[in-house]
Amino acid sequence: MALVAERMAGIGSDIRGKNFWAALDLEKQGQKVLKLNTGNPAAFGFKMPESVREALIANLDRSVGYSDVRGMIDARQAIFDYHKAKGIEDFDIDDIFIGNGVSEIASMIATALFDKGEEVLVPSPCYSLWTNEIILSDAKPVYYKCDESNHWNPDVEHIKSLITPKTKAILLINPNNPTGVLYSNDVLLEIAEIARQNNMMILSDEIYDRLVFDGKEHTTMAKLAPDLTILTMNGLSKSHVLCGFRCGWMVISGPEAARKEINEALLKVASIRLGANSIMQTIIPAALADTEYPNSMIQPGGRLYEQRKATCEELDKIPGVSYVKNDGAMYIFPKIDKGAEQIANDKQFAYDLLMDKHVLIVPGSGFKWDAPDHFRIVMLPEAEILRDAVRKMGDFITKNIK
Amino acid sequence: MELIANRVETIGTGTRGKNYWAALDLERQGKEVLKLNSGNPAAFGFKMPESVERAVTQNLHRALGYSDLRGFAEAREAIYEYHVGRGVKNFNIEDIFIGNGVSEVASMIATALFNKGDEFLVPSPCYSLWTNEAALNDATSVYYKCDESNHWNPDVEHIKSLVTKNTKAILLINPNNPTGVLYSKEVLEEIAKLARENNLIIIADEIYDRLVFDGKRHIPMASITEDVLVITANGLSKSHCLCGFRCGWLVISGPAQMRERVNEAILKVASIRLGANSIMQIAIPAALSDSQYTNQMIEKGGRLYEQRAVTCEELNKIDGISYVKNDAAMYVFPKIHKEIADDKKFTYDLLMEKQVLVVPGSGFMWETCDHFRIVMLPEVEALRKAVREMGDFISKL
Ligand SMILES: Cc1ncc(COP(=O)(O)O)c(C=O)c1O
Ligand SMILES: Cc1ncc(COP(=O)(O)O)c(C=O)c1O
């Protein structure tokens, strides 16, 4: 008998893959490595919102017990109000489930909904959490292209061509990781129409919705398609830099019958683990009320804003590299335009960059992007450090790719 | 296409089944319900250890980011010391994974280990977490009997009769939930031998190991075998009343080669979810060095000790009930010597008539309708009253 499960063969995360461990090894040898592999703001000096600290300490005694299986009622009330205000209509407070991060939420969704033989449409490039969870539930991720020449919007024609009788759901990540873009309402409406005609559920991971620059506005998918079954995911890891709290949730909206059935299945899955951690639940109302905190990061003068600016300025100076400027989040996904055919293996490219410049990035393949010509920059270090890192990338690229 | 995955049907709801939701409905109608379905000390006024409160408030800034995939190094250091102190050998600090409760740890283990067709030996009665996780990962749970007439020890002969070429692992819950007993050294040794002979992985859920009464000693499974792969699960939910923190961990011990392969698989699973919550991890070193907190609950005069005493005293007065006195934890699993057709109906009726919620044997995959579990967490007088109500209800059957 095999010692470990066969399903493990399909699992991988290049965000914490071989190059990540190589970077840790370098650090153990005393080298300084700039790790731009994960969107973990705390690692770059972002501080906890005061509102959150106060709420946590004031409520610590409420954190001791298992919470309600779906989540604490006042936390769900705050989440309910938030999504109502964003324009989601058909759901109620029991259609909200709080989990240990969107990560756990994704696992609960895949466990409750997907079976062997079913197909789920996921973007390429795609944040690896979702493909891993789909594979663990024996379903098959089918990749639709996002079109760099169309501001990385999903390629609607490609989506249409991939639909089969087994297609159960489509995943949207908006604002996106790794591209950082915001999708256009036209594209969202077209995807809604496809889902409507093909009886597909929509999973919409909107964890970056509060981190949008330049006065642009994020439209929640469920507002555009109230008649469809939509699972909207969100959380506090990014907007309130609380990755370590493991705070995420989902909202089920749409027609009542499907909503109820999904709710019951998710409740069963959620009860196995009794409840999400209570500590982070006690701070959800305070965090969602504190819009000032995320806003201060994304305005001119704010860290995320200025770090993006510095990154783009330096990227502009690298010949042979192009990029779509991100609208949100903390990521940008540049393209090596010239000479990319010289890169046989983008993991090796990232490894060589790490060894040469001590900068760790995740290449396109880590997001299921199938050409070796992209990589993601996590724009979390202070502007000057980022400037230096991007220059090093440019240096490496011009030196190695002719 | 079905809306819901087929596997959902296999999930047993254990301590949060239909009767639990019926109890919440009663509460919504304004009734007072004594909910003895779950081992959640905070619901009964148990307070967090001051050591933990201090550690959390002072180190909060460290809880902001994703942790190391396996868990914070100093939390794992404390866990390492703890298990070495308990006699576990053949593991190192990287063989420890911290998770959001033993619940998440169980999910990671099952995901990393089980293939379709694998058989998993689990106790009957059994805490439902493990069988659910096995089922979600396509393994088949095969139930071995625990023998009430032998202090609820696993029935080793029965276990032997169940081993097939598909048997991959055996689960021990020691101290046990729902029976609350401690297994004997002889039985543990026999199970170790059986695992060795049949090349089985042992999964030892020892979350109650610090809550043992009467000066008895818990023997960690991993301390009596060095050549068998043992995955030990433990956590702070019970010993430090921190259920809401979701703090659990696993320790892989045994032969290096197997350990490494299992470690690698679990690491892959763990990396999907980035890390366990960081807040509880900053509490681990403080909690594990605060044995005082745990001990004052189980000593004479301590809440868990006295609540057990009262429960037993009242159970002794009920005709038609017998029980094995628990050695540990907060549970007792009495037997009803009366005809009961459906034990879920029995507990539903008890809930409706007496507003006391308990989980029947079937919630623990016990196959005859003649047991139920009492969670001995309320203060003595509340427990006394509750057990009397149960007695009253049972005597009228
Ligand atoms: C698109 C997306 N979804 C989910 C997550 C996971 O977030 P959480 O910390 O809530 O598990 C991330 C984290 O990077 C992400 O980028
Ligand atoms: C035997 C056993 N294992 C695991 C658990 C789950 O504990 P945690 O809170 O660490 O998920 C419990 C909780 O009651 C239990 O009784």
Side-chain angles (χ1 to χ4, degrees), chain A residues 1-8 11-13 16 38 40-43 46 48 53 56-57 60-61 63-67 69 100-101 103-104 107 111-115 118 129 132-133 136-137 166 168 241-246 258 261-262 265 268-269 271-280, chain B residues 1-8 11 13-14 16 38 40 42-43 46-48 53 56-57 60-61 63-67 69 100-101 103-104 107 111-115 118 129 132-133 136-137 166 168 241-246 258 261-262 265 268-269 271-280:
Chain A
M1 205 176 337
L3 185 58
V4 303
E6 283 157 17
R7 70 177 71 80
M8 296 318 303
I11 301 305
S13 161
R16 284 174 178 72
T38 83
N40 185 15
F46 286 79
M48 178 177 322
R53 175 190 300 279
L56 191 145
I57 290 179
L60 204 50
D61 55 337
S63 308
V64 191
Y66 291 125
S67 77
V69 177
N100 293 304
S103 301
E104 191 193 36
S107 159
T111 304
L113 298 182
F114 301 143
D115 265 327
E118 294 174 348
L129 165 68
N132 280 326
E133 290 297 345
L136 284 184
S137 70
K166 293 173 179 160
K168 183 160 192 173
V241 305
L242 298 174
C243 295
F245 281 36
R246 312 312 293 116
E261 214 183 322
I262 292 172
K268 269 186 147 187
V269 173
S271 349
I272 298 176
R273 56 50 152 161
L274 306 169
N277 86 71
S278 300
I279 313 177
M280 59 81 180
Chain B
M1 209 172 346
E2 297 293 331
L3 188 59
I4 304 304
N6 291 323
R7 70 177 73 78
V8 173
I11 300 174
T13 42
R16 283 168 181 71
S38 127
N40 185 15
F46 285 80
K47 295 272 179 281
M48 123 173 37
E53 185 166 359
V56 169
T57 46
L60 207 48
H61 58 283
L64 210 49
Y66 291 125
S67 77
L69 292 178
N100 294 302
S103 301
E104 192 192 36
S107 160
T111 306
L113 294 184
F114 292 132
N115 279 311
D118 286 349
L129 166 67
N132 279 328
E133 289 299 341
L136 288 183
N137 290 285
N166 294 323
K168 177 151 191 175
C241 302
L242 295 172
C243 295
F245 277 37
R246 312 312 293 117
M258 284 169 90
R261 289 185 51 211
V262 169
K268 263 189 167 187
V269 178
S271 58
I272 299 176
R273 56 58 152 151
L274 306 170
N277 87 71
S278 300
I279 311 179
M280 61 82 177

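Per chain, numbering begins at 1; letters A, B, ... match sequence-line order.
Contacts of A/T111 with chain B are made by both backbone and side-chain atoms, with heavy-atom separations under 4.5 Å. The part of B/V56 that comes within reach of chain A is its side chain, from C-beta onward, which places non-hydrogen atoms under 4.5 angstrom from that chain. Heavy-atom distances place the side chain of B/L136, and not its backbone, under 4.5 Å from chain A. Only the backbone of A/A276 comes within contact range of chain B, with at least one heavy atom under 4.5 Å from a heavy atom of that chain. Looking at B/N166, the atoms closer than 4.5 Å to chain A (heavy atoms on both sides) all sit in the backbone: N, CA, C or O. Heavy atoms closer than 4.5 Å to chain B are found in both the backbone and the side chain of A/E6. Within the 4.5 angstrom heavy-atom criterion, only side-chain atoms of A/I57, from C-beta onward, approach chain B. Only the side chain of A/N100 comes within less than 4.5 Å of a heavy atom of chain B; its backbone N, CA, C and O stay farther away. With a 4.5 angstrom heavy-atom cutoff, B/E133 touches chain A only via side-chain atoms. Interface residue A/F245: backbone and side-chain heavy atoms are both found under 4.5 Å from chain B. Of the atoms belonging to B/S38, it is side-chain heavy atoms, and not backbone ones, that fall under 4.5 Å from chain A. With a 4.5 angstrom heavy-atom cutoff, A/S107 does not touch chain B via any of its atoms. Heavy atoms closer than 4.5 Å to chain A are found in both the backbone and the side chain of B/A265. When heavy atoms are compared at a cutoff of 4.5 Å, A/A265 approaches chain B by way of both its backbone and its side chain.
With values rounded to the nearest 0.5 angstrom, A/R53 atom CZ is found 10.0 Å from B/T57 atom OG1. Rounded to the nearest 0.5 Å, atoms CD (A/E261) and CG (B/L3) are 4.5 Å apart. Rounding to the nearest 0.5 Å gives a distance of 8.0 Å between CG of A/N277 and OG of A/S63. Rounding to the nearest 0.5 Å gives a distance of 4.0 Å between CZ of A/R273 and CD of A/E104. Summarising the geometry, atom OH belonging to A/Y66 is positioned 5.0 Å from atom CG belonging to A/L274; distances are rounded to the nearest 0.5 Å.
In this structure the side chain of B/L60 reaches within 4.5 angstrom of the side chain of A/M48, judged on heavy atoms. Looking at B/K47 and A/D61, their side chains never come closer than 4.5 Å, going by heavy atoms from C-beta outward. Counting heavy atoms from C-beta outward, A/L56 and B/I279 have side chains that approach closer than 4.5 Å.
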Please report the C-alpha distance between A/L136 and B/I272 in whole Å, then the side-chain angles of each, then the deciding distance to 0.1 Å, and finally whether the side-chain contact (heavy atoms from CB on, under 4.5 Å) criterion is met. CA-CA 11 Å; A/L136 284 184; B/I272 299 176; 3.7 Å; yes
Can A/S137 and A/E118 be said to form a side-chain contact (heavy atoms from CB on, under 4.5 Å), step by step? CA-CA 10 Å; A/S137 70; A/E118 294 174 348; over 6 Å; no
CA sep, side-chain torsions, deciding dist, call: B/L242, B/M280, side-chain contact (heavy atoms from CB on, under 4.5 Å): CA-CA 9 Å; B/L242 295 172; B/M280 61 82 177; over 6 Å; no
Verdict with supporting geometry, A/I262 and B/I4, side-chain contact (heavy atoms from CB on, under 4.5 Å): CA-CA 7 Å; A/I262 292 172; B/I4 304 304; 4.1 Å; yes
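Between chain B and the options A/C243, A/A258, A/P41, A/S67, heavy-atom pairs under 4.5 Å are most frequent for A/C243. Contact tally against chain A (heavy-atom pairs below 4.5 Å) for B/L69, B/D118, B/L129: the top residue is B/L69. Listed options A/G275, A/S271, A/G101 were ranked by heavy-atom pairs under 4.5 angstrom with chain B; first place goes to A/G275. The greatest number of non-hydrogen atom pairs below 4.5 Å with chain A, out of B/C241, B/A43, B/A63, B/C243, is found for B/C243. The most heavy-atom pairs under 4.5 Å with chain B, out of A/L242, A/N132, A/L3, A/L60, come from A/L3. Of all the listed residues (B/K168, B/R261, B/H61, B/E53), the one sharing the greatest number of non-hydrogen pairs under 4.5 Å with chain A is B/K168. Comparing A/S278, A/G244, A/A42 by heavy-atom pairs within less than 4.5 Å of chain B, the highest count is held by A/G244.
A donor-acceptor pair under 3.5 Å links the side-chain atoms of B/K268 to the main chain of A/I11, judged by distance alone.
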